Amino acid sequence: MRGATTLSLAHADGVKTVARHAIGLRYPTPVRVVGRSVPRKEGLAKARGRARYVDDLRFPGMLHGRTIRTAIPSGELLGVRFDFDTAGFTVVDHRDVPGRNVVALIQDDQPFLVEREIRHAEEPVLLLAHEDRDALRAASVHLDCRSSEPVLDPERSPRAFKEIAIEKGDLARGFAEAGVVVEGEYRTGRQEHVYIEPQGVIAVPGAGSVTVYGSLQCPYYVHKALVALLGLPPEQVRVVQTETGGGFGGKEEYPSIVAGHAALLALKSGRPVKLVYDRLEDMAATTKRHPSIVRHRTGVAGDGRITAMEIDVLLDGGAYCTLSPVVLSRACLHATGPYRCENVRVRGRVVMTNTPPSGAFRGFGAPQTVFAAEVQMDRVAETLGLDPAALRAGNALRPGDTMATGQRLGEDASALAVLHEALERSDFHRKRRAWTGTGRGIGLSLFFHGAGFTGSGEVTLASRATLELTPRGARVLVGSTEMGQGTRTTLAQIVAETLSCPLERIEVAEPDTARVPDSGPTVASRTCMVVGGLLKACAEEMKGRLGGLSPSAYLRRHGPLTVTKQYEPPPGIAWDDATYRGDAYGTYGWGCDVAEVELDPVTYEVRPTRVTAVAEIGRAVNPLLAAGQVEGGTAQGLGWALLEEVVLREGRMANAQLTNYMVPTTLDTPPIDVTILESPYRQGPFGAKGVGEMPMSGPGPAVANAVRHLGLDVRSLPITPEVVLECASSSTESEETSTRPR
């Protein structure tokens, strides 16, 4: 790939890093900080144990909070009975809500506390607070409820939160041109976020105000929800992000509920209240990845050219809407995979079931539909007798191609580049030939991911970023949060590079709604690209206004200097929310994974032995952090592919413990060879796109296709030993049937 930078990581005794610097890339200023793997801003404090997470914080007179939840998936709340002496307890129910008893998000359908209707198990009904944790845990509350018949199967749900239709060309003509039509159904299950630090906040009451400190991704989401719940003016509500031990989307919208509960208890008691979930409550009650059922019908000409795609996407949204519309949107926009086709129809629905709500999760929607698209591609190749890599190469999107929405791709489209790099680095073709008929398999997946909010989302957000001059350098003021992905460091690098200022002189203020502007949520692979771009513009203006003066000299001569920029869409971008036509994203990241597996013939366990992960992300502001995102997302994707199964019984999670909800450990994670390619995006800071979401999409289908190479027709995730055994049995029965004399 022309002008590409490659960073490779391989497991040995530690991590080995090799960098090949780009040839011919030109940037506005000499590269000094951007493109270097500088140490993390907060790394030393975390390594030395000085970083303070929410459960490390204490306030005078602080109480501890607890949530009382339903045990049935559907029905009515008839009454509450206290089987303990309530003296010394603060008790809150829906009648104590001073504002609106609804979580302000997309649809106002989810109450903070149940009033009468119960729509899922673990739904919050009552809040308790006490200064003694043991007394709080011992308090027994009985909920009198009347059960009703729940809807647990999304295919039988009568209610849709959102429906989407995307059409291009003439589908009937496309199928008429096809020599072969391949159909298939693909399913994926729920996935638990398993962030290291569970959900937790502390609410501190003031004189007609409240301040919330919490482990969260989106301070202004929480702020909006609290203003509506408490009926307070926006300036009387303050949200401060504490150090956050992981999020992966699970701390995007859900912390609004935890914060609301703690705030209600704090305002009623007049004392600070800490509400921190234990792992069981966190797993049982909080949002999960949307389960999916995706059906494909693909028309293909004899030479392997795709002539028609008809795709139906069904997502299970759970009991309330939460962020389901945007998850469905991204799922549908990525449903075709990174492939050219002139005749496309995508239909999508996300429906209500009486299960705990589904919500944001890394990749939100794209991993589900990419899994279906990539397993379908291997089945198409198998049907035609074609090499799966050759089929992808022949149909991969190229610069200038149009997508299902009519969007024309720019010069940074890199599907072929990542595919060729992954094939070469993994030695795919040789291994595929050598391993055929053995207990080893190899499979690949080609994928892409839109960077930033969908369609007009970024315009609606109208994000702002501020840069403040300090005597030593500058201070970054944004609502974007650090949760382990490196936000503080990469944003500081962008500013330092633009100002030609040493990195150590760039400060990053803690996200505090009383101090920082609303930079939009820390989601959707938008922080580096969008917020970093705003900060680069701030720094460019600040540098011009300094006029060569040092920061201290400017402050002495002119006084304070603060620059704020607000998002403006790139030129030529157009999107219609009603018709789903136009430019869905400003740009796309591109990826290709190759998974190598072994099958245990006794236990039917599929063991990944190596993954080659190639990602094209525009520009790696911090190569090591970018590679870490790819490696971490790949490991998380392997967990979803092979181990992680949320078991629901009567709408309730039956394995809400880390002893029986299995996530990959270091012993389960194979060597992951990460390669970063760069094809700079003109509108991104120094060419950067997004990186965090995309790596989640590749491992699932790559593993499934590696298992297909073993001769097993797997079309669902996770690929547990039980699933493999069932597939093996079905395969044996099919062979017996086909060879039986007639």
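In this text the structure is predicted, and so the values were computed from the model without any measurement.
- Side-chain polar atoms of His449 and Arg330 form a donor-acceptor pair below 3.5 angstrom.
- Residue Gly633 comes nearest to Pro699 through the heavy atom pair O-CG, 4.4 Å, listed as atom of the first residue, atom of the second, then distance.
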Under the side-chain hydrogen bond (donor to acceptor under 3.5 Å, both in side chains) criterion, do Ser292 and Arg187 qualify, and how do the steps go? CA-CA 5 Å; Ser292 71; Arg187 294 178 178 247; over 6 Å; no

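- Applying the side-chain hydrogen bond (donor to acceptor under 3.5 Å, both in side chains) test between Asp316 and each of Lys288, His290, Arg190 identifies Arg190 as the sole match.
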Ser414/Glu616 under side-chain hydrogen bond (donor to acceptor under 3.5 Å, both in side chains): CA gap, chis, key distance, verdict: CA-CA 7 Å; Ser414 305; Glu616 190 279 294; 3.0 Å; yes

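- Using a 4.5 Å heavy-atom cutoff, the side chains of Leu643 and Val663 are not in contact.
- The salt bridge (Lys or Arg N to Asp or Glu O under 4.0 Å) test with Glu374 is passed by exactly one of Arg379, Arg715, Arg392: Arg392.
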Begin with the C-alpha distance, continue with both residues' side-chain angles, and end with the deciding distance and a verdict on side-chain hydrogen bond (donor to acceptor under 3.5 Å, both in side chains) for Gln376 and Thr298. CA-CA 8 Å; Gln376 174 78 352; Thr298 308; 2.9 Å; yes

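- Under the salt bridge (Lys or Arg N to Asp or Glu O under 4.0 Å) test applied with Asp401, the options Arg408, Arg340, Lys168 reduce to a single match, Arg340.
- Contact check on Arg40 versus Glu482 returns a salt bridge, with a Lys/Arg side-chain nitrogen under 4.0 Å from an Asp/Glu carboxylate oxygen.
- A salt bridge is absent between Asp412 and Arg682: the closest approach of a Lys/Arg side-chain nitrogen to an acidic carboxylate oxygen does not fall below 4.0 angstrom.
- Note on Arg619 versus Glu678: salt bridge recorded, some NZ/NE/NH1/NH2 to OD/OE distance being below 4.0 Å.
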ring-ring contact (aromatic ring centres under 6.0 Å, His included) between His334 and Phe364: does it pass, once the steps are laid out? CA-CA 11 Å; His334 290 76; Phe364 55 110; 8.7 Å; no

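- Closest of all the heavy-atom pairs between Val182 and Val180 is CG2-CG1, 3.9 Å.
- No more than 12 heavy atoms of other residues, nucleotides or ligands shown are found within 6.0 angstrom of CD on Glu411.
- Ala415 and Leu446 get closest at one heavy-atom pair: O-CD1, 3.6 Å.
- With 3.5 Å as the limit, one finds a donor-acceptor pair spanning the side chains of Tyr588 and Gln407.
- Put simply, CD1 on Ile442 and NE2 on His429 are 9.5 Å apart, with the number rounded to the nearest 0.5 Å.
- Each of Thr188, Ile311, Val313, Thr336 was checked for a side-chain contact (heavy atoms from CB on, under 4.5 Å) with Thr369, and the lone residue meeting it is Val313.
- When every heavy atom of Gly700 is checked against every heavy atom of Ala641, the shortest pair comes out as CA-CB, 3.8 Å.
- Residues Tyr580 and Ser329 approach most closely at OH-OG, 2.7 Å, considering heavy atoms.
- The environment of Arg398 atom CZ is dense: over 12 non-hydrogen atoms of other residues, nucleotides or ligands sit within 6.0 angstrom.
- Residues Ser716 and Tyr186 bring no donor and acceptor atom of their side chains to less than 3.5 Å of each other.
- Smallest separation of non-hydrogen atoms from Gly304 and Leu384: CA-CD1, 4.0 Å.
- Within a 6.0 Å sphere centred on OH of Tyr604, heavy atoms belonging to other residues, nucleotides or ligands number 12 at most.
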Any chance you could lay out the side-chain hydrogen bond (donor to acceptor under 3.5 Å, both in side chains) test for Thr487 and Gln485, step after step, and finish with the verdict? CA-CA 6 Å; Thr487 289; Gln485 82 281 37; 2.7 Å; yes

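- Taking the ring axis of Phe248 as reference, the NZ or CZ atom of Arg362 does not stay both within 45° of it and closer than 6.0 Å to the ring centre.
- In this structure, OH in Tyr339 is found 9.5 Å from CZ in Phe448, a value given to the nearest 0.5 Å.
- Comment: Glu183 does not engage Arg295 in a salt bridge, judged by the lack of any side-chain N to carboxylate O separation of less than 4.0 angstrom.
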